[in-house]
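Down below is the structure, laid out as structure tokens.
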Amino acid sequence: MSYEIKLDIFEGPLDLLLYLIRKNEIDIYNIPIALITEQYLAYLDMMRSLNLDLAGEYLVLAATLIHIKSRLLLPPAEDEESGEEGQDPRAELVRQLLEYQTFKEAALSLEARPLLDRDVFSRGATAEDQAVAEEEDEGEIEIGVFELVQAFRRIIAGLDPSDDLVIDTDRMSLTERINEIMERLTESRQLTFTELLGARTDRKGIVYTFLAILELMKLRMIKAYQSGPFGPIRLFLAVEE
Amino acid sequence: MEEKMAIIEAIVFASESPLTAERIAEMIPDAQKRDISAILQRLVQEHDARGGGFRLAEVAGGFQFRTREDMAPWIRKLKATRPSMLSPAAIETLAVVAYRQPLVKSEIDRIRGVDASGALKGLLEKKLVRIVGRKDVPGKPIIYGTTRKFLEVFNLRDLSELPTLRELKDLQE
Amino acid sequence: MEEKMAIIEAIVFASESPLTAERIAEMIPDAQKRDISAILQRLVQEHDARGGGFRLAEVAGGFQFRTREDMAPWIRKLKATRPSMLSPAAIETLAVVAYRQPLVKSEIDRIRGVDASGALKGLLEKKLVRIVGRKDVPGKPIIYGTTRKFLEVFNLRDLSELPTLRELKDLQE
């Protein structure tokens, strides 16, 4: 059966739907929903019977198809209150299919380009090139933030899980504030809490600044003094340079 | 050949990645970027006119010597190893990123109708896609875009060399 | 240029090591070793006559394209101005500093399981890591953090733009 060959090469429910439309030589702007839904569900059954992993998205689209089918069975909506001229219930699905089809076309045109190391080749690296590369440390690589977070994950994978390793954007915002405070204290030796706040008078700015100061005190990196209740809080580097 | 032209040719030839006129200008003290661009164009023409086994190609905003496309069957014989190919899911995902960048992952998922996590991770590891930043909306999702290596591998001068989505759509009618 | 000559030129150009006429003959079925040797000699002459930045050189019993000897000073400049890259040890150290800052060296050593002195020194020189301050405990250990340049190099507006471990994990699915 040609079915089996096709099954594992669908890139998702939209792909399967496009395949059925093409197979039945259907006009994409006028999809016979009953027919397509029936064939679509038959494919899902077959995939299940073959124990193929069925991504949840396939079921979501099945539900959408059934919903559209039921809406088409109802008499044309007389939505005079909303002023809408009873839109074709298939419209959104058609739009989605057309968009996906365009990107499938884009993928094909990308694939058809002359690819480096498949269709075109650059000069082979010579022994000299390799010598130069080795001189500057073993196998250096160019990196972006993705490589950085991957490296971090690799390292901590081997650590004691009880380590406090929760890293989220809030924590990094706090770190950002800590660095700023240390930079400013290194420049001016002492600062008051108000001076540190500067223009940051929003709630988030105040909270982060306060938390950053607590963290720095805990780390014994700064010292804080207050001349009396409600007096200005003065901050100093714990260790003078 | 004029000396300055030979120097530029040597530098481009020796480089492992495409070189821009700007970078070459940094290496040749008394040269203007404009002159270098003009010389590079003359070199492109000269090599095309020679009709040899390789040509000077304009890729990723720079210049690199590359074999002629029709020489591929012969080079493949030389290189015993098969190049690692991208899966259809990876190419689809790459196409969406290339045309819609900068974009967040949920947008890719929506267009393709499936979760793009695996494909996206593979493209990040292959350095064809990169993290560009975060979007300023609740949850601050990561924004993705294509890399310079994407242009190099797909033999593109820049992104504008890709056919437009409209052109691709017309192709289907 | 004659087709067979272009093919041979392409093969030699793409090869990573010098190629002999015998090796090339294996790749071109209907070619005689003698013809190939003759073509290689003609290619050598043609490139010498062009006087470009590179030539076809006969080395170690084979043929290879190489830059002209007198171009060496320029090639050295090219290699010297390569975009700076990081070793795996440096990336690991930088990752630990970026995500766990502010922290002391002993903490980096503990997390990485090896002494980070060398990597840390390199990162300080590249100005990706800086001394943030000292801790007021015995020994007054130095505390490290990332720099503004780190943000620039990684194209980040601020540290909260760094991807989190959760986000990375979400891509593994």
Side-chain angles (χ1 to χ4, degrees), chain A residues 9-18 28 55-58 60-61 64 93 96-126 128-130 132-133 141-150 168-170 172-173, chain B residues 13-18 54-55 57 59 64-69 71-72 75-76 78-79 82-86 88-89 91-96 98-100 109-115 121 124-125 127 129-131 134 140 147 149 152-156 162-163 165-169 171-172:
Chain A
I9 59 170
F10 292 123
E11 294 305 324
L14 292 175
D15 202 20
L16 170 54
L17 211 52
L18 275 183
I28 200 165
E57 292 96 343
Y58 281 95
V60 173
L61 186 59
T64 306
L93 181 64
Q96 220 180 330
L97 279 171
L98 286 173
E99 186 181 35
Y100 177 62
Q101 199 175 32
T102 305
F103 280 104
K104 270 192 87 73
E105 204 63 53
L108 284 178
S109 89
L110 266 188
E111 171 113 73
R113 295 197 56 82
L115 290 196
L116 185 63
D117 290 333
R118 185 187 74 181
D119 308 304
V120 293
F121 299 82
S122 58
R123 180 180 63 89
T126 64
E128 288 168 43
D129 296 335
Q130 264 135 30
V132 172
I141 39 176
E142 237 175 315
I143 55 163
V145 285
F146 176 68
E147 285 70 26
L148 212 57
V149 67
Q150 255 195 333
D168 56 24
T169 50
D170 282 343
M172 293 318 284
S173 296
Chain B
F13 177 85
S15 172
E16 281 164 62
S17 49
F54 55 86
R55 39 190 300 273
V59 282
Q64 186 176 42
F65 283 104
R66 292 188 168 189
T67 55
R68 249 165 55 190
E69 226 179 298
M71 295 292 155
I75 316 294
R76 283 189 210 126
L78 169 76
K79 316 242 176 193
R82 290 196 53 115
S84 67
M85 284 290 125
L86 291 170
I91 297 207
E92 266 185 41
T93 306
L94 188 56
V96 175
Y99 280 94
R100 282 284 162 84
D109 295 347
R110 192 189 58 74
I111 292 174
R112 292 193 55 236
V114 286
D115 180 61
K121 180 158 176 274
L124 283 162
E125 278 168 353
K127 292 181 199 287
V129 164
R130 68 192 179 96
I131 292 173
R134 286 181 187 278
K140 306 251 177 206
T147 60
K149 194 182 165 201
E152 283 180 33
V153 170
F154 285 84
N155 220 40
L156 291 159
L162 287 172
L165 285 179
R166 173 149 301 283
E167 283 164 347
L168 291 166
K169 216 166 167 182
L171 220 66
Q172 299 166 24

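Proteins come first, then strands; the chains are lettered A, B, ... in the order of their sequence lines, and each starts at number 1.
Closest approach of Arg123(A) to Ala14(B), counting heavy atoms only: NH2-O, 2.9 Å. Scanning all heavy atoms of the two residues, the minimum distance from Thr102(A) to Lys169(B) falls at OG1-CG, 3.7 Å.
The shortest distance between side-chain heavy atoms of Arg113(A) and Leu156(B) falls below 4.5 Å. The shortest side-chain heavy-atom distance between Leu162(B) and Leu110(A) falls under the 4.5 Å cut-off. The side-chain heavy atoms of Phe54(B) and Val120(A), taken from C-beta on, include no pair separated by under 4.5 Å.
Side-chain N or O atoms of Thr67(B) include one that pairs as donor or acceptor with a backbone N or O of Phe121(A) at under 3.5 Å. For the pair Arg112(B) (side chain) and Gly12(A) (backbone), a donor-acceptor distance under 3.5 Å is absent. The main-chain N or O of Ile111(B) is never found under 3.5 Å from a side-chain atom of Glu99(A) such that the two would form a donor-acceptor pair.
Heavy-atom distances place no part of Lys140(B) under 4.5 Å from chain A, backbone and side chain included. If you measure heavy-atom distances from Leu86(B) to chain A, you find no contacts under 4.5 Å at all. Using a 4.5 Å cut-off between heavy atoms, Gln64(B) touches chain A through its side chain atoms alone. With a threshold of 4.5 angstrom between heavy atoms, Met85(B) approaches chain A through side-chain atoms but not through N, CA, C or O. With a 4.5 angstrom heavy-atom cutoff, Ser122(A) touches chain B via backbone and side-chain atoms both. Of the two parts of Ser17(B), neither the backbone nor the side chain holds a non-hydrogen atom closer than 4.5 Å to a non-hydrogen atom of chain A. Contacts between Phe13(B) and chain A at a heavy-atom distance below 4.5 Å involve backbone atoms as well as side-chain atoms. Both the backbone and the side chain of Arg118(A) come within less than 4.5 Å of a heavy atom of chain B. For chain A, the nearby parts of Pro88(B) are the backbone and the side chain; heavy atoms of each come within less than 4.5 Å. Of the atoms belonging to Phe65(B), it is backbone heavy atoms, and not side-chain ones, that fall under 4.5 Å from chain A.
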Stepwise salt bridge (charged side-chain N to carboxylate O under 4.0 Å, His left out) test for Arg76(B) and Asp119(A): CA-CA 9 Å; Arg76(B) 283 189 210 126; Asp119(A) 308 304; 3.1 Å; yes
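Highest contact tally toward chain B, considering only Ala106(A), Pro13(A), Ser109(A), is held by Ala106(A) [criterion: heavy-atom pairs under 4.5 Å]. For the options Arg130(B), Arg134(B), Arg100(B), heavy-atom pairs under 4.5 Å to chain A are most numerous at Arg100(B). For the set Arg68(B), Glu152(B), Arg110(B), the count of heavy-atom pairs under 4.5 angstrom toward chain A peaks at Arg110(B).
With rounding to the nearest 0.5 Å, the separation of CD in Glu125(B) from CZ in Phe146(A) is 5.0 Å. Once rounded to the nearest 0.5 Å, the distance linking CG of Asn155(B) with CG of Leu116(A) reads 7.5 Å. Rounding to the nearest 0.5 Å gives a distance of 8.5 Å between CD1 of Ile131(B) and CD of Glu147(A).
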